[in-house]
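What follows is a short report on a single structure.
The structure displayed is predicted, hence computed values, not measured ones. Keep in mind that the numbers below use all heavy atoms, side chains included, and drop hydrogens, waters and symmetry copies. Residue numbering restarts at 1 for every chain, and letters A, B, ... go by the order of the sequence lines.
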Amino acid sequence: MIYIIASRELRNMFLSPLAWVILGVVQLIFGITFYPDVDSFMRQPHPAGLTAAVVSPLFGWVAILLLFVIPLLTMRLISEERRNKTLSLLLSAPLTMTEIVLGKFFGIVTYLLIMIAMLTLMPMSLLLGGTLDFGLMFMSAFGLILLLASFAAIGLFMSTLTQSPTLAAISTFGALFFLWILQLGSELADNGVLVYLSIVSHYLSFLEGVFNTADVAYYFLVIILFLVLSVRRLEGDRLGG
Amino acid sequence: MDMDNEILVDVKEVSRYYGQLAALESISFTMRKGEVLGFLGPNGAGKTTTMQVITGNLAPTAGAITIAGHDLLEDPRAAKGAIGYLPEQPPVYKELTVDEYLDYCAALNCIDRDKRTSARNASKEKCGLTEVGRRLIGNLSKGFQQRVGLAQAIIHMPPVVILDEPTVGLDPIQIREIRKLIRELGKDHSVILSTHILPEVQTICDRVQIINKGQLILSDTIDGLQKQLKSASITVAFLNMPHLDILNDIPGVNGVEEASPGYWRILFKPEQDPTDTLVKLSVENKWALRELRPGRVSLEEVFLQLTTSEHTETKTDKEIKTKKETKTEIAAGKDN
């Protein structure tokens, strides 16, 4: 059941130009930021090696870029169904709310996996003239997957709150941005709690190639929290008045 | 024969509140296999809420609903599997083709992968969609989108089909086609249909329920209803119209009203038919009776009577009083 909704969601995304355009534009921006890094490395090789000097900063960049992009992808998940009154198709089918929410979530995560796979192809081209630290690259990609999945869960929840996709996009962006800049605030106030709460601080260790269970747990907690909130919100629609 | 009388929908004392506002107040009814049940009521009476509660789109505040033997609250999966629902606005994805959409609906309703194509083709054929399978739903006319919605509701061959105002927004030809389709559906499925169009109920349904302000105020078969309506009045025309008081004094007569210019409707108690007395009096007093026929009160009149007169009177006195008060206040304000 989850698979059915997820695959429909994924195919629906590719029916609209939005998904294609986002893939294309992200790839283009990624390429533009990729080239100068490679160029400067060619002139003056970095002691940390090719992967640490070129690939990791790239993944850092892409996370910032996708902070702006994810809200556009998640905004229509539930809100558009609500506005077009197609949600009742799912609500009156023999499905549970959890299945509906998980289906939507995995649909968008699959899209993000495609995007990450395409982004990882670009550093792979360096193999033509050099060697890569696959362990570090894999960790960066793994961290990015977790980061984006938690973005998506937050976006999904925002999308359950409203009928208007635009509103969902803006609130998602606000929430993500807030979670992101918590880290800046912590630098000023020297507060460990803020660092811990910040969604980006946990990503940085992945970029250094460190697999920290605490960081993985953080992302899983965020994902589960917002998925549960989404389910509760949809149940609340049915019950409340 | 026992199977034919199986109760498919059993709604018991269902209420639904939106905060303080009661959208439904302890509604109870049952529906048997093979029935077409018409739900009639003015806009905002609670028709859509009832349908949403039965289909599990809304949870009832109180009460129990059983669909084909499965409790909707305790075993929602089985109960929902036995229902096909077409909401007021068909829940179609405009960017999909008819085939893609119906395949998705079939999958959502747990139809096995290898049976999906045949299920899709069967429901397409029933709804007259065979020609448009590969077209985008968004490019189809409103009537065809409505058919796609219907096809979606019956794709898993549910015993109960629930249709919320299925003919709204269609042109007269499309309305006729959809009605024909619903009558066809009534052969294999039990159908609950909501509408505020009265002739629709008269032409399609076996049984009618009138709902107003969240309460069920009438439940009868169409035949029974029409028989009852017919027997309780006659329409007459006289060349020399007698004084109304004379007619009113005939034993059994409840009231006399003008049906149309020159035609008078005489309402009477069903057990005391005054027709013979009336004819006799007419001959004796030379009223020159020109026409006499059983007065078919239309469903529309019953509907209006039930949903307007009685129930506006039950409005709390307080409300009326406050209205009067505000009026006098305004008047007083003008005087100043």
Just so I know, are the side chains of [X] and [Y] near enough to count as touching, which here means a heavy-atom distance under 4.5 Å?
X: A/Leu89; Y: B/Tyr101; value: yes
X: B/Gln89; Y: A/Ser88; value: no
X: A/Asp237; Y: B/Leu58; value: no

### Message
Does any backbone or side-chain atom of A/Glu235 lie under 4.5 Å from a heavy atom of chain B? Answer side chain, backbone, both or neither.
### Response
neither
### Task
Check whether A/Ile5 gets within reach of chain B through its side chain, its backbone, both or neither, counting any heavy atom under 4.5 Å.
both
### Query
Can you pull out the residues in residues 90-100 of chain B with any heavy atom less than 4.5 Å from chain A?
B/Pro91, B/Val92, B/Tyr93, B/Glu95, B/Leu96, B/Glu100
### Query
side-chain hydrogen bond (donor to acceptor under 3.5 Å, both in side chains): which pairs involve residues 59-79 of chain B, sequence neighbours left out?
A/Glu99-B/Arg77
### Task
Taking all heavy atoms of B/Cys110 and all of A/Pro94, pick out the closest pair and write down the distance.
SG-CG, 4.2 Å
### Message
Minimum heavy-atom separation for B/Arg116 and A/Ile4, please, with both atom names.
### Response
NH2-CD1, 4.3 Å
For [X], does the [atom1] atom have more than 12 heavy-atom neighbours from other residues, nucleotides or ligands under 6.0 Å away?
X: A/Lys85; atom1: NZ; answer: no
X: A/Arg232; atom1: CZ; answer: no
X: A/Trp180; atom1: CH2; answer: yes
X: A/Phe220; atom1: CZ; answer: no

### Task
Can you tell which part of B/Pro76 gets under 4.5 Å to a heavy atom of chain A, answering side chain, backbone, both or neither?
neither
### Query
Could you state the interatomic distance from CD1 (B/Ile54) to OG (A/Ser92), rounded to the nearest 0.5 Å?
12.5 Å
